[in-house]
Amino acid sequence: MENLKVINEEKLKDWAREIFKKNSFNMIDVSSKKETFRRALASGKIYVGKEVFNLIKNKEMPKGDPITLAEVSAVLGVKKTSELIPLCHPLPIDHTATKIIMHDEDASLEVFCVVSAVAKTGVEMEAIMGVNTALITIYDLSKIVNPHLRIDNIKLLIKEGGKSGLWTNPDGLPKFLKDIF
């Protein structure tokens with residue numbers, strides 16, 4: 001017992017940070033944060049051209065319905081975010097939903113993905129990943145008809161929870177959200 005060394009609690013708290021602080025990257029330490037309700041909404045758009053747009057609208061796409069498959073793909077993207085983005089924390093997702101709106105005027109499909117969880121860190125990356133996987137799925141199912149496709153304007157629209165509270169995109173929100181916020 002005479003070889004026991006008493007360590008100051010403050011030193012003990014920071015020993016891991018000291019050892020690893022010279023790494024070029026690290027996962028943010030959220031161990032001391034409290035779990036709170038988190039929610040995020042992201043969006044993005046794919047321009048498919050009139051021919052593909054009409055085939056999707058009339059449910060005549062050669063590989064099947066891109067909208068239905070994109071909605072399923074978004075759920076998988078949300079659930080696998082931490083496996084694909086190296087420094088994302090795995091989160092217990094409580095809810096996710098995807099909405100795809102077809103825009104006749106520019107032959108585009110706009111994807112919205114909302115994600116919520118009670119967690120120590122936000123779900124923004126999960127919402128953005130849901131949008132991306134949905135858009136890429138639409139791309140994959142559409143390229144057989146028209147390989148000239150463009151994915152554009154992927155962005156976070158709203159995030160809430162944690163110490164920063166509610167954040168809305170300063171560039172504005174879609175018309176259907178303006179009445180709410």
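Quick note: residue numbers are just sequence positions, from 1. Basis for what follows: all heavy atoms, side chains included, without hydrogens, waters or symmetry-related copies. Keep in mind that what you see is a predicted model, and the values were worked out from it rather than measured.
By the 6.0 Å contact criterion, NZ on Lys80 is open, its count of non-hydrogen atoms from other residues, nucleotides or ligands being 12 or less. His95 NE2: 12 or fewer foreign heavy atoms inside a 6.0 Å radius. No more than 12 heavy atoms of other residues, nucleotides or ligands shown are found within 6.0 angstrom of NZ on Lys99. The environment of Lys33 atom NZ is dense: over 12 non-hydrogen atoms of other residues, nucleotides or ligands sit within 6.0 angstrom.
Asp106 contributes no side-chain N or O that, together with a main-chain N or O of Tyr47, makes up a donor-acceptor pair within less than 3.5 Å. No donor-acceptor pair under 3.5 Å is formed between the side chain of Thr36 and the backbone N or O of Gly161. Using modelled atom types, one side-chain atom of Lys50 and one backbone atom of Asp104 make a donor-acceptor pair closer than 3.5 Å. With hydrogens and angles ignored, the 3.5 Å screen pairs a side-chain donor or acceptor of Ser73 with a backbone N or O of Thr133.
Here the closest non-hydrogen pair linking Ser142 and Ile56 is OG-CD1, 4.1 Å. A pairwise comparison of heavy atoms in Pro174 and Phe112 identifies CG-CE2, 3.6 Å as the closest pair. Pairing each heavy atom of Gly130 with each of Ala74, the nearest pair is O-CB, 3.4 Å. Nearest approach of Cys113 to Thr96, heavy atoms of both residues: SG-OG1, 3.7 Å. Considering all non-hydrogen atoms of both residues, Ala127 and Ala40 come closest at CB-O, 3.9 Å. Between Ala70 and Ile138, the shortest heavy-atom contact is CB-CG1, 3.7 Å.
Asn153 has its side chain out of reach of Glu110: every pair of non-hydrogen atoms, C-beta onward, lies at least 4.5 Å apart. A 4.5 Å side-chain heavy-atom check between Ile100 and Pro66 finds every atom pair outside the cut-off. For the pair Met61/Lys63, no side-chain contact is recorded, criterion being any heavy-atom separation below 4.5 Å from C-beta on. A 4.5 Å side-chain heavy-atom check between His89 and Lys120 finds every atom pair outside the cut-off.
Residues Val114 and Leu156 do not share a hydrophobic cluster, clusters being chains of Ile/Leu/Val/Met/Phe/Trp/Tyr side chains in contact below 4.5 Å. Both Tyr139 and Ile154 are assigned to one and the same hydrophobic cluster, defined by single-linkage of ILVMFWY side chains at heavy-atom distances under 4.5 Å. Trp167 and Leu177 are assigned to two separate hydrophobic clusters, defined by single-linkage of ILVMFWY side chains at heavy-atom distances under 4.5 Å. There is a path of hydrophobic side-chain contacts, each under 4.5 Å, that joins Ile67 to Val111. Both Val48 and Ile144 belong to a single network of hydrophobic side chains, linked directly or stepwise wherever heavy atoms of I, L, V, M, F, W or Y lie under 4.5 Å apart.
Salt bridge absent: Asp171 and Lys155 never bring a charged side-chain N and a carboxylate O closer than 4.0 Å. Salt bridge absent: Lys45 and Asp152 never bring a charged side-chain N and a carboxylate O closer than 4.0 Å.
Taking CG from Asp65 and CG from Leu55, the interatomic distance works out to 11.5 Å, rounded to the nearest 0.5 Å.
Here the options are Val131, Leu141, Ile151, Ile46, the test is side-chain contact (heavy atoms from CB on, under 4.5 Å), and the partner is Ile136; only Ile151 passes.
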